[in-house]
Amino acid sequence: MMLKPEYFQEVVLNWQAQYGRHDLPWQQHITPYKVLVSEIMLQQTQVKTVIPYFQRWLARFPDIASLAAAAEDDVMSCWQGLGYYSRARNLHKTAKYVVHELAGEIPKTPAELREVPGVGPYTAGAITAFAYNEPGTIVDGNVKRLFARLFELEGNLNTGARHRELWELVERYTPTTNNRQFAQGLLDLGATICTPRQPRCQECPLQLKCKAFSHNTVNEFPQRFKKSPLPTRSGYFVLNKSDAGIVLEQRPADTIWPRLWALPELVDEDTEAPVLGRFKHTFSHYKLDAVVYQGAEFKTNNLTKRFAIDQLQDIGMPAPIRKFIEQHLLKPADNN
DNA sequence: GATTCGTGGAG
DNA sequence: TCTCCAAGAAT
C-alpha cells in the first residue's frame, strides 16, 4: 500500500480533533440509543434535515423503552415528512426487540447489529464506532467519494463487486482504537472538505497524498454514469371536506407512503367529479402528477377516518399531501 | 443485481 | 427549473 494506514489514521484523527464537527445533537451525552436513532435518520438524509427531527424524537421518545411502548401512529407521526418510512417502522421494531429480547441493550458488534431490522453494513459499523467506540468500518457516500479521489478508483463503485472491494480497502485503513473519532473524521472530511462539488482541496490534510489532486482530476471522481430519466405516473386523490373535517385513508403497507394517512386514492381518473386542484411531486424513482377531486365518491378496503382540522398535525401524513391540504384549507378555492 | 423506498438542500 | 445526491437497506 502506497499510503500507510497508520499515517492515514493519524491525519484523519488529528484533523477531526481540530476541524471536525463536535456540536451535532447526537454527539452530546452520547448513548447507544441516540446513536441508533441518529444513524437510522441519517440514512440518505442530510444532517441539516435530520437535526429538528432528532430533537423532536428524543423529546417524544427519550429512551428505547418509551419507543418500544409507543403506538405505531405516534411513531409515524413523529417521523412524518422525513421520508423512507420503513425506517421508522424498523426502528420501532428494533426498540421492541431490544427491550423484550435483549434486556434493553443495543448490540455492540457489527455482526450482531446486522440482525437488527433496518441496520445494514454501514449502520452496523457506525453504531459500533459511534456508540461504543469499538472498531467498525463505515462506507457511505462520503467515504466512497473520499477514497475514490484519494486513490483514483475508476469505474462504477456501486456494483456489488466494486463495493465489496471498496469496503475491504476502507477496512484496511480503519484503526482498532479511537474508532469514534476516526469514523467522525471520515464523515466530516467528506461532508466539509471532500465535497461532491467544489471540494476545498486547499484545506485538505490529505492533499499531498491524493492521487486525484496530484493529477488535477478531483472533479472526475467518483466517476458518474448516466441514469435514465424518471418516469411519470398519474395519481388521483379525493378531498372531501366538511365542517367536521376531512376524510383520510390509511395507506396499505405495500404502497408508497406505507401506513401514512393520506387523501383517499382512486385507481383511475374520475371524469365526473370536479377537479379541486393538482400537484406534482418527485420521488427518488418516479414523478407523480396528481389530480385531486372534490367530493368524488370512492370505495376502498383500507381504513378511512374523518379528522378534524386541528387533528391533522398529530398524524403521519406524506409531505406533499400535507402541503396540498394546508394550501386548500387556508385558502379554500371558491371556484365552485 | 436491479428495484423500491421520500424529501429537501444546494448549486 | 433542473440535476445531483444525502451517515443506505430491504427485497
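Below, chain A is the first sequence line, B the second, and so on; all start at residue 1. Bear in mind that the values here come from a model prediction, so they are computed numbers and not experimental data.
Between A:T159 and A:D254, the residue anchored closer to the 5' end of DNA chain B is A:T159, taking for each the nucleotide with the nearest heavy atom. DNA chain C is contacted by both A:L24 and A:N90; A:L24 maps to the nucleotide lying nearer its 5′ end (nearest heavy atom per residue).
Rounded to whole angstrom, the span from the CG atom of A:L91 across to the P atom of C:dA9 amounts to 14 Å. For the pair A:L157 CG and C:dC5 C1', the computed distance is 15 Å after rounding to whole Å. Taking atom CG of residue A:L187 and atom C1' of nucleotide C:dG8, one finds them 13 Å apart after rounding to whole Å. Computed from coordinates, the A:Q223 CD to C:dC4 P distance equals 16 Å when rounded to whole Å. Between A:K144 atom NZ and C:dC4 atom C1' the separation is 12 Å, expressed in whole Å. One interatomic measurement links the two molecules: NZ of A:K287 to C1' of C:dC4, which rounds to 13 Å at whole-angstrom precision. For A:F54 and C:dA7, the CZ to P distance is 16 Å, given to the nearest whole Å. Between the CD1 atom of A:I30 and the C1' atom of C:dA7 there is a distance of 14 Å, given to the nearest Å.
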Could you go step by step and tell me if A:R251 and A:E265 meet the salt bridge (Lys or Arg N to Asp or Glu O under 4.0 Å) rule?
CA-CA 9 Å; A:R251 295 181 61 84; A:E265 186 173 9; 2.9 Å; yes
Heavy-atom protein contacts under 4.0 Å, nucleotides 6-11 of chain B, coded B base, S sugar-phosphate only, - none:
BBBBB-
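Side-chain polar atoms of A:Q16 and A:D188 form a donor-acceptor pair below 3.5 angstrom.
Within the 4.0 angstrom heavy-atom criterion, base atoms lie near A:Q184. Using a 4.0 Å heavy-atom criterion, one finds that A:W79 contacts no nucleic acid atom at all. Here A:R145 lies in heavy-atom contact (under 4.0 Å) with sugar-phosphate atoms only. Within 4.0 Å (heavy atoms only), A:I40 reaches no atom of the nucleic acid at all. Using a 4.0 Å heavy-atom distance criterion, A:V47 is classed as a base contact.
Nucleotides B:dG6 and C:dT11 have their P atoms positioned 14 Å apart, rounded to a whole Å. A gap of 16 Å separates the P atoms of B:dG8 and C:dT1, to the nearest Å. Annotation: B:dC5 and C:dC5 have their C1' atoms spaced 15 Å apart (nearest Å). Between B:dT3 and C:dA7, the two P atoms lie 25 Å apart (nearest whole Å).
In this structure, A:E105 places its CD atom where only 12 or fewer heavy-atom neighbours from other residues, nucleotides or ligands lie under 6.0 Å away. More than 12 non-hydrogen atoms from other residues, nucleotides or ligands lie less than 6.0 angstrom from CD of A:Q202.
Paired with A:W79 under the rule ring-ring contact (aromatic ring centres under 6.0 Å, His included), one option of A:Y53, A:F54, A:W57, A:F61 passes, and it is A:W57.
Classification of the A:Y286-A:F283 ring pair by plane angle, with boundaries at 30° and 60°, yields tilted. Relative ring orientation between A:F182 and A:F8 is described as perpendicular, the plane-to-plane angle rising above 60° on a 0-90° scale split at 30° and 60°.
Residues A:Y7 and A:F213 are members of separate hydrophobic clusters, defined by side-chain heavy-atom contacts under 4.5 angstrom among Ile, Leu, Val, Met, Phe, Trp and Tyr.
Judged by atom type and distance alone, A:R21 reaches the base of C:dA7 through a side-chain donor-acceptor pair under 3.5 Å.
The A:R164 side chain lies nearest to B:dG1 when the options are B:dG1, C:dA10, C:dA7.
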